[in-house]
Amino acid sequence: MGAPPTRPADRALTKPRRRLTSAVAALIALLAVGAGVLVGLSTPAPAPADAPEREFSAARAYRNVEVIAAEPHVAGSAANDRVREHLVATLRGLGLQTEVQDAVAPEAGQLSGAAGGATLARVRNVVARLPGTDPTGKVFLVSHYDSVQTGPGGNDDAAGTATILEVARALTTGPRPRNDIVFVLTDAEEACLCGAAGFAGDHPLARDGGVVLNLEARGSTGPVIMFETSRNNAKLVEVFGKAAPHPVGTSFAVEIYRALPNDTDFTAFLDRKFVGLNSAYIDGGAIYHTPLDVPARVDRGSLQMHGDNALGLAREFGRTDLGDLRAGHDDTYFPVLGGLVRYPGWLTLPLAVAALLAVGALGWLLRRRGRATAGTLAAGFGLTLLPVVVAPLGAWLLWAAITTIRPGYTELLDPYRPVWYRLAVVALSAAVLFCWYALLRRRIGPAALAFGGLAWLAVFGVLLAVAVPGGAYLTTLPALAGALAGFAALATRRDGPWPVVAVTLAAAVAVVILLPPVVLLFPALGMGMGAVAALVAVLLGLAVLPVVDLLHPRAGGQRGLLALRARRLGALPAAAAALAAVVLAGVGLAVDRFDAAHPVPTHLMYALDAGTGKAAWLTREEKPQPWTDGYVDRSIAVADDFPGLGNSEMRAGPAAAAPVPAPKLDLLSDTRTGDQRVLRLRVTPQRQVRLLTLHVDTSTATVRSASVAGRDVPVEPGGGKWGFGIVFHAPPPEGVEVTLTLVPGAGAVSVRAMDASDGLSGVPGFRERPEGVGVVGSHSSEMLAVARTYPL
Ligand SMILES: [Zn+2]
C-alpha cells in the first residue's frame, strides 16, 4: 500500500504555520475541557460548623467521626458498645424514635463462604425513625458503625455514620417530610454484612421495603461516586441527577463493581425487596482497613460531598411518591462537567449500531474522496489494535517492574501517593500511541488511521452494548461524534477552519466521556490493574488523534528536507511522552517511600491447637516482607488444623504455645432416634473473642440439619476433612447454642471448635513492629486463633 493520493491543489494550500496555530488552539481548547472535567469530579468546600442549620456541615459531622472512630470498634467489642451508646444518645437527642435491634443474623451475599461455613453474627443495629406526614413508603439511610479489628474506621464507615447523624439533624430542623425516613446504623458489616441482613430480613420497619441510600468509603479521599443501584434503575437515577448536588455516577461503575469480589450492606437490601443507590468515595485506598484509617485521614471535602448528596436525596425521596420507583429498564448515565447525562438503556444497542454504520459510511466517503484506499482503511483498522494491546501490556510491565523494586506494594490496594504512577501510566499510553502514529502516519495516512480508531471505538461499543450495556456509552458516543466530525470535515473546504473545529468538537466529546473513567478507574482498581485505565486512555487518545494530527505536517504536504524535518518533529510527542513516563515512575519511587507515616503493610497471625499444644505463626503474604519473614519458613495448608481459617495455603513458621484457653464445648443433650443423633451443644469462649467457629469431621458423621441460636443454617457439603462448619461473629460471653442433627458413623463424632481474638502483643515470641512496618488491612491481620477437637 502507498501513501494516499494528494491533489495538487491541496499541496499548494499547505500552510504549516497556520496548521500549527490551529493545533495549539485546538489543544488548548481540549485542555480547558479536560480541566472542566476534573473540576466536575472534585469535592466541594467543606461547610463550617456554623453553617445554616438546614444545611449539611462537614465540620459538624467530623465531630462525630472523632467520637465514633476514637479506637478500633469491631462488632462485639466493648469499644463498639460505647459507639452504639453515643449513636443512640445522639439520635434520641434529635427527638427521634430510636431503638437497638439485638438479634442473631445470617450473612448477606456470598461474602464469607470462604471462611469455612454458614456464617452468622450477634448484631445490634441502631434504628431511628422520623415519621412522615403522609407516607407513601420509607426511605432508609444506611451505614455501618462497626470497624475492622485492625483500625478505627475513620472513613470506613465512621464518615458514613457521622454523615447520617448530621443529615438526621438537618432533617429534624425543617418541615417534616412526607415519607418516613429511617436511619439504620448497622453492626457487623465488616464481619459478614450480618447487621444489614438482620435488619432487612427481620426488622418490622423493613417489612414493606423502600428506598435504601447506603453510604460507604473504601479509601480516604476523592469524589463520592454513586457506584451501584438496584435493577431497573431509571427512576432512581432520574432523582439522583435532579437531587444530588454533586451527581458523580456512571452506569459503567455498576458493571465494574459486579465484577469485583466486594460487598457492602447494600447487598443485604438487594437480596430483599428494596430499591436504592450505593455511594462511596474510594481514592486513598492505601489506608483502607488499616490502623491509619483515623479521623484525621478523613477528607472533609469528601465528607461534605457525602452529606450534600445524602441530604439532597433524602429530601427528594422524602417528598416523592415511592409507590412505583421500579422502572421498566436501567438507564445509561455518566457525569458531564458537574451534571449527569442519562438516557434509557434500551437505546444502547441502537446507538452502538448507528455509530458503527456512521463510521462505516465515513470510511466509504474517505475512499470516494481519495483520502484513503480500501487497503489503507483495512490497514488502519488492523494496525490500530497495536496500541490497544501494547499500552495496557506496557502498563502491566511497568507496575511489575515497580513492584519488583518495591515489593511492599503487592499488599496495598493502592500506593500511599499513587498520583505519580498514575501519570506515568497515562504518559506511557500516550507514548505508545504517539510512537505508533508517527511510524504509520506516512504509510497509512492520517485519514485511514483516524478511521481505524473510530472503527474500533464503534466495534467496542457494539460488544459492550451486548455484554456490558452500562459501559457502551464510553466508546459508542466518541465514535459517533468522530464520524459526524468526519462528515463535517469532508463537507467543508479542507483549508477553511471548519474541519479543525469539527475534529476538535468530537475530541472534546471524547474527553468529556472518557477522561472521567481514566481518572476514576485508577483508584477503583488500584495500580495492579492500571492496565485497564491504560486501555481507556488509549481509546481516548484514538478519539483525539485527528487533533494530534495537526501537530504533524499535512499528509503529503512536504518533500525533501522539509519532510525530514517535519518527520523529526512528528516524533517529538512520542519521545516527550516516553521520557515523561520514565521520569514520573522515577519520581513515584523517590517520593512514595515507606516510612513511619507510610509503613510497609505486613500480615501476621498466630494459631494454637490447644489439644496438642502445637502453635504456628501464619501469614497471607505470598512473598513475605523481611519483618514477616522472621516468623515463617514454609507453606502449609491450614484447613485440617484450623478449618475456620479457610482452605488456602499460607506461609507458616513454628511458634511457642501461648497459655490461651480453647473455647469450651458442653454437651447439653444427646438424643438418638433410629440412625439419627441430635446433639445440643453450647460453645463458650473462655476469653474476649471476635469470632467462634465449629466444624464437624464429616468422615465421622453426616450432618442432616443444624441450627445456631435457634436459627436454621444451610447445610451445604463442604470440601476437606471438616465438611460442615459454622462461623459465628461477635459471640456473646455466655456462648452460642448449636443443635446438630446427624447420622453418626461407627465411632465418636469429631467436632472442632475454634475462636479468635485480635492483637498479638503478649504472645510468646512476638516482637512489636519497628517503625515503618505496618499492619495490612485484612480481616485476619493480628488474629490469635485457638482450636480444639472434641470427640462426642
Ligand atoms: Zn470496611
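Note that ligands are numbered from 1 as they come in the structure, with each ligand's atoms numbered from 1 the same way. Quantities reported herein were computed from a predicted structural model and do not represent experimental measurements.
The shortest non-hydrogen separation linking Pro44 to His246 is CG-NE2, 3.5 Å.
The Zn ion (ligand 1) lies under 2.8 Å from an N, O or S atom belonging to Glu190. Contact annotation: Asp156 places an N, O or S atom under 2.8 Å from the Zn ion (ligand 1). Here His289 meets the criterion, with an N, O or S atom under 2.8 Å of the Zn ion (ligand 1).
When only modelled atom types and interatomic distance are considered, Tyr281 and Asn155 share a side-chain donor-acceptor pair under 3.5 Å.
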Before you tell me yes or no, could you show the steps for Asp293 and Arg218 under salt bridge (Lys or Arg N to Asp or Glu O under 4.0 Å), namely the whole-Å CA-CA distance, both residues' side-chain angles and the distance that decides it to 0.1 Å? CA-CA 10 Å; Asp293 188 9; Arg218 204 224 48 193; over 6 Å; no

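Aromatic ring orientation, Phe269 versus Phe274: perpendicular (interplanar angle above 60°, classes split at 30° and 60°).
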